[in-house]
Amino acid sequence: MDDMPSSIQPLFDLLTHLPTNYEEYEKVINEAETLAKSIDKQALKPYIADLSHQMIHHPNPYQRATIGRVLGILDLDHRHGLGLNEAGLPAIDWVEIPEGEFIYQQDTKLTLPTYYISRYHTTYRQFQAFLEAEDGFGDGGWWDGFAEKKERFQIQQTPPQQIFRFWNHPIDDACWYDAMAFCRWWSYRLGGAYEIDRLQDWLIRLPTEQEWEKAARGTDGRKFTWGNDFHEGYVNFDETDRYDIQQAKGKVGTHFYGAPTAGGLFPQGASPYGVMDMLGTMWDLTLTEYRHGKNDDLLDYYPRVIRGGTWFTTEMYCNIVERVMLNPHARNNGDPRKNDYGFRVMSKTPIK
């Protein structure tokens, strides 16, 4: 790359450093962010294809995360499933989950019809379309019919505040109500049902925890998305027990990233169907009510199930069977160490 413009050479020089621990990675990624904010995007474009390839295939996960952050700042990560379509609506990379039986939790056998789930978490870019639309977040109609509690009314007045503002990263401050309002808006824009008592006719919604689990583990009852044996570096979670939480085994590896990462940067951790980041990175909000396991009641105020663990949790939660509850109005209130739940969507048909 001898003919590389001098304006972008410092960034590429920085990307030759390959961190081996969080402290080195934190230094590199902070410097990369500073350089990226002032870089000439036009000069960088001829190198995007190579950077995008490295972002997925480089053997060093810290390198992948750094490139993902840089391309997220510059809005130059154009992989399908992370951005918007020509209509300004989320463009989803749908993954088909075929009809059939699977093992749910420890040994329960369930059968689900064919459905489609998003390969990646809903991104900051995609959710921002809802926040900015004239008929989006500020339209009270998307909230009608949900439990009339003061907490719901409060969060309805103020949109989520993204902490990790990189376009290809997951939305990180949306509560369950925010996610449901987003799905309702999007479903209606596509011609689907609007009424809260016609959830099964929405074209877009959150997955149930059963749908989430089958998409994550396939049919054979495995513990992790890749199998039954733990492998270091396969997903974004705290392998080091950095904050001495001592969940389950405590330290199980050397990797810690200190934040969410761009969608799909851990290909070894893909589910049997190719769904990305179902373990680590962000908790996944689901449709399911935690206490009674209901999937079709949007009127109550009970906590909802979240699944999959996150960048901040340790080994105890980073598996397919762990179930955790979250209040439907819960946001993170600006604490980066709590900005750790997002969501992905499902559909009965692969909507374009």
Side-chain angles (χ1 to χ4, degrees), residues 87 89-90 92 94 97 99 104 110-118 122 126-127 129-131 133-160 171 174-215 283-307 323-331 341-352:
L89 295 173
I92 298 301
W94 293 108
I97 311 300
E99 178 181 5
Y104 170 71
L110 298 178
T111 299
L112 293 174
T114 297
Y115 61 97
Y116 297 82
I117 198 165
S118 55
T122 300
Q126 292 169 336
F127 195 84
F130 175 52
L131 298 186
E134 291 185 6
D135 66 340
F137 183 92
D139 186 334
W142 310 121
W143 309 81
D144 288 349
F146 292 129
E148 296 192 0
K149 297 283 186 176
K150 65 177 182 179
E151 293 87 352
R152 192 268 279 180
F153 290 119
Q154 288 171 349
I155 64 103
Q156 182 181 340
Q157 304 308 311
T158 306
I171 178 70
C175 67
W176 186 85
Y177 284 126
D178 296 324
M180 290 298 295
F182 169 78
C183 290
R184 195 178 188 184
W185 165 78
W186 185 8
S187 177
Y188 184 72
R189 288 283 295 266
L190 291 172
Y194 162 83
E195 296 82 5
I196 202 166
D197 59 351
R198 293 179 59 195
L199 178 64
Q200 294 305 316
D201 294 324
W202 291 18
L203 294 180
I204 304 289
R205 62 168 171 81
L206 294 180
T208 67
E209 67 166 321
Q210 292 82 11
E211 291 164 342
W212 182 94
E213 188 167 317
K214 183 177 182 182
W283 285 111
D284 275 22
L285 295 166
T286 75
L287 191 66
T288 305
E289 184 270 312
Y290 183 85
R291 296 178 184 174
H292 306 104
K294 295 184 293 183
N295 292 323
D296 56 357
D297 188 352
L298 306 185
L299 305 180
D300 65 43
Y301 189 68
Y302 292 126
R304 300 286 163 162
V305 175
I306 57 176
R307 302 291 295 271
R323 302 174 70 249
V324 175
M325 66 179 181
L326 184 74
N327 287 327
H329 66 277
R331 289 189 185 150
Y341 43 81
F343 65 95
R344 67 186 73 235
V345 295
M346 70 79 63
S347 180
K348 295 179 180 178
T349 57
I351 305 297
K352 294 184 178 181

task: Kindly give the heavy-atom pair with the smallest separation between Arg344 and Pro207, and that separation in Å.
output: O-CD, 3.2 Å
- prompt: Among all residues two or more places apart in sequence or in another chain, which pass the salt bridge (Lys or Arg N to Asp or Glu O under 4.0 Å) test with Asp135?
  reply: Arg189
- line: Across all chains, not counting sequence neighbours, the salt bridge (Lys or Arg N to Asp or Glu O under 4.0 Å) partners of Asp300 are Lys294, Arg304
query: Would you say the side chain of Val345 lies within less than 4.5 Å of the side chain of Thr122, judging by non-hydrogen atoms?
result: yes
- request: Begin with the C-alpha distance, continue with both residues' side-chain angles, and end with the deciding distance and a verdict on side-chain contact (heavy atoms from CB on, under 4.5 Å) for Tyr302 and Asn327.
  value: CA-CA 7 Å; Tyr302 292 126; Asn327 287 327; over 6 Å; no
- prompt: For the side chain of Asp297 and the backbone of Leu299, is there at least one donor-acceptor N/O pair under 3.5 Å apart?
  reply: yes
- prompt: Closest heavy-atom contact between Thr114 and Glu99?
  reply: OG1-N, 3.0 Å
message: Tell me if a side-chain donor or acceptor on Thr349 pairs with a main-chain N or O of Ile351 at a distance below 3.5 Å.
response: no
Worked check of side-chain contact (heavy atoms from CB on, under 4.5 Å) between Leu285 and Arg307: CA-CA 7 Å; Leu285 295 166; Arg307 302 291 295 271; over 6 Å; no
- prompt: Do you know which two heavy atoms are closest between Ala215 and Tyr115, and how far apart they sit?
  reply: N-OH, 3.6 Å
message: Assess, by modelled atom type and distance only, whether the side chains of Asn295 and Gln210 contain a donor and an acceptor separated by less than 3.5 Å.
response: yes
- prompt: Should Met346 and Leu206 count as side-chain neighbours, where that means a heavy-atom distance under 4.5 Å?
  reply: no
query: In Å, rounded to the nearest 0.5 Å, how long is the span from OG of Ser347 to CD1 of Ile204?
result: 4.5 Å
Expected output: side-chain Ser187 to main-chain Trp202 donor-acceptor under 3.5 Å: no
message: Using ring centroids (six-membered ring only for Trp), state whether Phe153 and Trp143 fall under 6.0 Å.
response: no
query: Between the side chain of Arg152 and the main-chain N/O of Ala147, is any donor-acceptor distance below 3.5 Å?
result: yes
message: Determine whether a donor-acceptor pair (N or O, by modelled atom type, separation under 3.5 Å) exists between the side chain of Arg198 and the backbone of Ala193.
response: no
- prompt: Is Lys214 salt-bridged to Glu209, going by a charged N under 4.0 Å from an acidic O?
  reply: no
- prompt: Going through the distances and angles, do Phe137 and Trp142 end up as a side-chain contact (heavy atoms from CB on, under 4.5 Å)?
  reply: CA-CA 8 Å; Phe137 183 92; Trp142 310 121; over 6 Å; no
query: So which heavy atom on Cys175 is nearest to which on Ala330, and how close?
result: CB-O, 3.1 Å
task: Say whether, by atom type as modelled, one donor and one acceptor occur between the side chain of Thr286 and the main chain of Ile306 under 3.5 angstrom.
output: no
message: Would Glu211 and Arg205 count as a salt bridge (Lys or Arg N to Asp or Glu O under 4.0 Å) here? Give the steps.
response: CA-CA 12 Å; Glu211 291 164 342; Arg205 62 168 171 81; 2.9 Å; yes
message: Would you say that more than 12 heavy atoms from the other residues, nucleotides or ligands in this model lie under 6.0 Å from the CD of Glu148, or not?
response: no
- request: Could you point out which residue of Phe127, Tyr177, Tyr188 forms a ring-ring contact (aromatic ring centres under 6.0 Å, His included) with Phe182?
  value: Phe127
- prompt: About how many Å separate SG of Cys183 and CG of Leu199, when rounded to the nearest 0.5 Å?
  reply: 9.5 Å
- request: Go through the steps for Leu326 and Trp176 under the test side-chain contact (heavy atoms from CB on, under 4.5 Å), then give the verdict.
  value: CA-CA 8 Å; Leu326 184 74; Trp176 186 85; over 6 Å; no
message: To the nearest 0.5 Å, what is the distance between CD on Glu213 and CG on Asp284?
response: 12.5 Å
- prompt: If only atom types and distance count, is the side chain of Glu134 paired as donor or acceptor with the main-chain N or O of Gly136 below 3.5 Å?
  reply: no
query: Should the heavy atoms of other residues, nucleotides or ligands under 6.0 Å from OH of Tyr301 be counted, would the total exceed 12?
result: yes
- line: Tightest non-hydrogen contact, residues Phe343 and Ile171, listed as CE2-CG2, 3.8 Å
field: Least distance between heavy atoms, Ile196 atom then Gly145 atom
entry: CD1-C, 3.5 Å
Lys348 side chain to Gln200 backbone, donor-acceptor under 3.5 Å: yes
Flag, side chain of Arg331 to backbone of Ile155, donor-acceptor distance under 3.5 Å: yes
- prompt: What's the spacing between Leu298 CG and Asp296 CG if we round to 0.5 Å?
  reply: 8.0 Å
